[in-house]
Enquirer: 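Below is a structure I'd like to ask you about.
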Amino acid sequence: MQIRKASRKMTVSLLLAALAGGLLAGCGGNKDNAASSTQGASSPNSGKQVKLRVATSFAGSDPWVSAWTDAVQSFQAANPNIAIVDESTPVNQEALRTKVKADAATGNLADVLFYFNGSETKILQETNEIVSWEDELAKDPEWASTFNAAILDKVKYEDKQYSLPYIGFYEGLFWNKELFDKHQLEAPTTFEAFMKAVDTLAANDIIPIATSLTTPYIQEALVLSQVGPEGQKLAYDPSWAPALNLIKELSDRNAFPRDALTLDDDKAQALFSGGKAAMMFNGSWTAVGLSSNPAIQITPFPLVPGGKGENMIVSGFGSGWYMKKNDDQAQYDAALAFVKYMTSPDVAGKFAAVGGTYAVKTTDTGTTAPLLTAGNEMVAQAKDFVMPIDSFVSRESYTDFLKGLGYLAYGKKTAEEVLAQAKKLSDRNQG
Amino acid sequence: MNFKDKRYIVLFLSPTVILLFAFLLYPLIQSVYYSFTDWYNFSNKKTFIGLDNYRQLVQDPVVGIALRNTLILIVGAIVLQAGGGLALALLTDSVKWGFKFFRTVYFFPIVISGTAIGLMFSIIYNYDYGLLNAIMRALGLPEQVWLTEHSSIYLVLIPILWQYVGFYFVIFLTGISKIPEDIYESAQLDGITGIQKAFKITIPLLRDVIASCLTLATAGALKVFDVVYIVTKGGPMNSSELLSTYMYDKAFNGQNAGYASTIVIAMMLLGILITVLLNKAVKKDTISY
Amino acid sequence: MSTVAENIGQRRGPGRYAGRTVVYALLIAWACTTIVPLLWVLLSSLKSSDEILTNAFGLPDTFSFVNYVKLNEYGNLNILRGFANSLLISGSVVLGVAFFGGLASFVLSRFQFRGKSLFNVLFVVCMLLPQFAVIIPNFMIIKELHLNGTYWSVILPQIAGNLSFAILMMTGFMAALPGELEEAAVVDGASIWKIFWRILLPLCVPIFATVSIMIFLWSYNELLMPLVYLPVRDMQPISVLLSLVSNAYGTDYGAMMAAIAISIAPLLVLYMISQETVIKGLTAGAVKG
């Protein structure tokens, strides 16, 4: 009895000690924040300690994490008086979105954000805490010239430059030359070749197109090919119907994996990279993993019959650099210096070696894989590029639209019904 | 033993009340408010729209499916999870060897997080890589799409129910072990069989524990989310959608927090209704010994 | 312990062993279902990411620890720090719930006052509320209290979230305990506090241990809250660190399996320890008649 009591007492006191230690550490952390917010005005790089909170999507196994951590380290080495507090959070599970929204709601935004454009800019702008970049760009023309003016324009919100575009993505049709050659198929650059490939492959027990029917990629490719960029911007227009009906047709011809309705994107990618599927329409971020296989090629999605979107690419700059307004000059200057550093051609070049297409000039590091180069060339030669559908519509109507496409692929709803339902939600959301 | 000292009542209960109010009740009241508003993207703009969200809720076909599935899940949780746990506890209690072994091993699935279990089962059910189809191939049978509109909710039920049987098992086992031996001794002298013993003595004495477990099973079934989301995402075609997954979908994917709050309120009402009914059915006077 | 099997076996002849065999067969069958997934996680962690999908249920082609090595390389993940944080956070939650919940249960099971049944309603309602429904409102409250960025921002809401379960379990247990010792203590003039601390608590060790291991587990596996509330890498518990192996672009299944395997290990150890405590407590308490 006594021994048991003693050991129980020990466990309790151990846990209490841990709790006390944690309290101290926790309070210590809080005190730090308090201290840094009571700085006086001062000029940058004057030797005064500045703490910069940065929240980006470069976390976990994001492909650019190593480029990011290197850049952060070399920035701190070059600027010993600036300490970076890295609050980067992964994008999946909506963690980053939730964090930034929670921060925005409580007036707790980080000093520098690398975050989504589009409808998310609206939320940040509503906090009245973010900077509009026109002034700084005007003050530093040399830095401003490294940005692609057309892209800068595309990410404006209400005519103001709240976000500086950086890494862009593109979507393309990846195809496995080895599998195509094995079945004497031509490259899927025309619709006829594409459909012939679908039928031949399906007959030979190879999945023609690796996709989940819960992700939007191939659906968007079809819509863009059908209605072109102008049509893409008209939310749920009836002119999209023929493209959507193609989805049903492809599904009937067994172009998709049998369990596409419950497949997730990871497994779809695995089907393609594992050679069980011959084509995949997906984004440039997957190119990073595929680039080690020389048989994988990329091409724009072919033009569908009667379509207006020839050689058009779904591409966009989904995220950009935001900066918080700050009365403290030292804090503001440090944040500005950091953003300028990250968008400099050298640093951007290191990110570019990993993948993606860039809105700034990048210094070629000579280590980019051929598939990535091919992808970039595809974008460069495209007639035009347009952001994915979800940049133009409300999230709620979009998720409903995608679910509706699942119903359509299995013949449970018609294209017109899906479009009408999504449009109803979209109209409601505008109000 | 009945004390009456009011000071202690207040003192001992206040921390609990304060914590529950601050972190659970206050947000719930806020949710009630939000359910009457139009609130998108977690922005600062919330416009009052009266009963519109509730009207949409009643007309939404997905809500009907989600409701049906949630009820199926709750029934499954009560009968198979809690019931299974009870059965296993009774059986384990009756054998001499392996008591510790079973007690340890049955708990394993709970230690593995829902995400990992979801991943495992999503691979099992997968068409190209999955275990089920591998078995079909080995038996020379044609491969199947396992997750169809009709089967999805039942297939998803399997990992959810299976994971937490061990939880109820441990609770019931603890309850059974507390029953003093002498009660059984007198019954044994009368020569009753094991099964009679279980139904006439053990289970009635566990009545309170059973009532608690029914509440827990209902609450757990209402809240389960990650396993379903990973295995089917609510598909195919919303057929395995639950109220919890639909609420998550509307709040985080669709960014419509107003409607999501409406779903939360519906879930709470459903849960309260079911627990009240269950408790009335099970609880009579507390039996003590 | 009761003897279902023994009584079934009281029939003469081969029937005697048949009953027991059936019981064991059922128990062992269930044990297989609970052990297999754990084995699967361990074996998968030794396979390459592709192999996990293509050869999901066979033995690994090569037994390699490359996944564990890869985990180490994932953008400055300090695994030990993660474990320390988990221990701190989850340990504090358990202590908080045990303390506040214990006090509340004591009052609810031993004191008489009006409005007691209201509390039951309160707890049921709080248990039905899903975590992700309150994640943003909770954050706002944390900010009001100036606790954001500290460990308290996850500890307090988790204590609140688990109190209902703990109180439900503990009140039931305490109510069923006979009150003679306490009555004797009152006669001797002991204070309420002493009765709680010295008499009731030691008897409640089994239920405290059972409840605590569950709460520790749930807190340990909790992902979304620390992910959002504690963005600073140094403070993140192991569940967050290990989830970082999957991102929006694709999942490294191999690393994920290794991550799951690592995170499960301490839980299993803790569970075994807590089971020892529970069993000792039960055998000590069961002697009372």
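Quick note on labels: first sequence line is chain A, next is B, and so on, each numbered from 1. Computed over heavy atoms, backbone and side chain alike; hydrogens, waters and symmetry mates excluded.
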Enquirer: Restricting to ring pair (Phe, Tyr, Trp, His ring centres under 6.0 Å), what partner residues turn up for Tyr54(B), sequence neighbours left out?
Expert: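 Ring pair (Phe, Tyr, Trp, His ring centres under 6.0 Å) check on Tyr54(B) returns Phe36(B).
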Enquirer: Tell me, side chain or backbone of Lys412(A) under 4.5 Å from chain B's heavy atoms, or both, or neither?
Expert: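 Side chain only.
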Enquirer: Tell me which of these, Pro236(B), Gly254(B), Ser240(B), Gly234(B), has more heavy-atom pairs under 4.5 Å with chain A than the rest.
Expert: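 That would be Gly254(B).
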Enquirer: Where does Ile207(A) contact chain B at under 4.5 Å (heavy atoms): side chain, backbone, both or neither?
Expert: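 The side chain, not the backbone.
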Enquirer: Over 60° means perpendicular and under 30° means parallel, so tell me whether Tyr229(B) and Tyr248(B) are parallel, tilted or perpendicular.
Expert: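 Judged by the thresholds at 30° and 60°, the geometry between Tyr229(B) and Tyr248(B) is perpendicular.
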Enquirer: Using non-hydrogen atoms only, which part of Asn238(B) is less than 4.5 Å away from chain A: side chain, backbone, both, or neither?
Expert: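 For Asn238(B), backbone and side chain are both near chain A.
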Enquirer: Below 4.5 Å from any heavy atom of chain A, which atoms of Gln56(B) appear? Answer side chain, backbone, both or neither.
Expert: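 Side chain of Gln56(B) only, per the 4.5 Å heavy-atom cut-off to chain A.
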Enquirer: Does any heavy atom of chain A fall under 4.5 Å from the side chain of Val231(B), the backbone, both, or neither of them?
Expert: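 For Val231(B), the backbone is the part near chain A, not the side chain.
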Enquirer: Heavy-atom pairs under 4.5 Å with chain B are the metric here; pick the option from Asp259(A), Thr214(A), Thr399(A) that has the most.
Expert: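 Maximum pair count with chain B is reached by Asp259(A).
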Enquirer: Taking atom types as modelled, is there a side-chain donor on Lys267(A) or Ser122(B) under 3.5 Å from an acceptor on the other?
Expert: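 There is such a pair between these side chains.
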Enquirer: Counting only heavy atoms not in Lys325(A), do more than 12 fall under 6.0 Å of its NZ?
Expert: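 Above 12, so yes.
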Enquirer: Chain A heavy atoms under 4.5 Å from Gln144(B): which part of the residue, side chain, backbone, both or neither?
Expert: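 For Gln144(B), neither part sits under 4.5 Å from chain A.
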Enquirer: Check whether more than 12 heavy atoms from other residues, nucleotides or ligands sit under 6.0 Å from atom CD of Glu417(A), and answer yes or no.
Expert: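 Yes, because the 6.0 Å sphere around CD of Glu417(A) holds more than 12 heavy atoms from other groups.
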Enquirer: What pair of heavy atoms forms the shortest contact from Arg258(A) to Tyr410(A), and how long is it?
Expert: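 Heavy-atom minimum between the residues: O-OH, 3.3 Å.
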